[in-house]
Amino acid sequence: MRQRKPSRQTLAVLQALLSRPADWRYGYDLTKDIGLKSGTLYPVLMRLADQGLLESEWHASDRPGTPARHAYRLTGTGLAFAHASIAAEARPAHGIAPA
């Protein structure tokens, strides 16, 4: 089966997660960093997690009365995928010389 090229939105999520690969990141913080709406961001995060590229866990809030939040970070496989995807996106298209 041929793997599809990651979408622009997926690449933005991967880039944001690569900026601090060891840190757990919350979806809300990613929406602010990337500028994606939650209706776009969360399906990307779920798809990446389903593919084993992200790990996710619930983090309890440090403020009473505030619910726990889902946090995400790249797995080892996800880290390699993110680097490869971003590098591939940066390369010029095959057969087209840069201007």
Side-chain angles (χ1 to χ4, degrees):
M1 182 169 88
R2 185 172 166 255
Q3 180 118 14
R4 289 183 354 171
K5 177 178 150 183
S7 68
R8 177 181 54 81
Q9 295 86 353
T10 300
L11 289 170
V13 171
L14 293 171
Q15 184 71 49
L17 292 167
L18 270 178
S19 70
R20 299 185 345 236
D23 294 351
W24 288 99
R25 305 287 305 272
Y26 299 113
Y28 179 73
D29 296 330
L30 289 168
T31 62
K32 291 191 307 185
D33 289 353
I34 302 169
L36 293 178
K37 294 185 179 193
S38 62
T40 301
L41 175 68
Y42 286 102
V44 169
L45 292 171
M46 288 187 283
R47 190 168 43 255
L48 292 171
D50 288 346
Q51 294 171 352
L53 302 174
L54 288 184
E55 56 183 321
S56 63
E57 67 181 32
W58 288 99
H59 287 188
S61 175
D62 53 354
R63 295 188 332 231
T66 305
R69 299 191 296 171
H70 222 155
Y72 305 88
R73 70 178 175 188
L74 293 165
T75 62
T77 303
L79 190 61
F81 177 79
H83 281 295
S85 297
I86 290 166
E89 188 65 21
R91 285 194 296 266
H94 182 70
I96 300 174

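Atoms considered below: every heavy atom in the structure, side chains included; atoms not considered: hydrogens, waters and symmetry mates. Worth saying up front: this structure is predicted, and the values here are computed from it rather than measured.
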- Item | For the student: nearest non-hydrogen atoms of Ala16 and Leu30, plus distance | CB-CD2, 3.9 Å
- Interatomic spacing from OG1 in Thr10 to CZ in Arg47 - rounded to 0.5 Å: 5.0 Å
- Query: Hey, what do you get for CG (Leu41) to CD (Gln9), rounding to the nearest 0.5 Å?
  - Reply: 10.5 Å
- Message: Would you say that Asp23 contacts Leu17 through its side chain, given a criterion of any heavy-atom pair below 4.5 Å between the two side chains?
- Response: no
- Message: Can you give me the closest heavy-atom contact between Ile34 and Val13, atom names plus distance?
- Response: CD1-CA, 3.6 Å
- Message: Is any side-chain heavy atom of Ser19 closer than 4.5 Å to one of Arg25?
- Response: yes
- Message: Show the nearest heavy-atom pair for residues Leu45 and Tyr72, with the distance to one decimal.
- Response: CD1-CE1, 3.6 Å
- Task: Give me the ring orientation class for His59 and Tyr26: parallel if the planes are under 30° apart, tilted from 30 to 60°, perpendicular past 60°.
- Result: perpendicular
- Query: Among the clusters formed by ILVMFWY side chains lying less than 4.5 Å apart, do Leu48 and Trp24 turn up in the same one?
  - Reply: no
- Query: Rounded to the nearest 0.5 Å, how far does CG of Asp33 lie from CD of Gln15?
  - Reply: 11.5 Å
- Item | Taking every non-hydrogen atom, the tightest pair across Trp58 and Ala68 | CZ3-O, 3.7 Å
- Between Ala22 and Arg73, which heavy-atom pair has the shortest distance, and what is it? O-NH1, 3.3 Å
- Message: How close do Leu74 and Ala82 get, counting heavy atoms only, and between which atoms?
- Response: CD1-CB, 4.3 Å
- Message: Do Arg8 and Glu89 have side chains that approach each other closer than 4.5 Å (heavy atoms only, starting at C-beta)?
- Response: no
- Task: Indicate, with yes or no, if Leu53 and Tyr42 share a hydrophobic cluster defined by side-chain heavy-atom contacts under 4.5 Å among Ile, Leu, Val, Met, Phe, Trp and Tyr.
- Result: yes
- Message: Has Thr31 got a side-chain atom pairing as donor or acceptor with Tyr28's backbone, closer than 3.5 angstrom?
- Response: yes
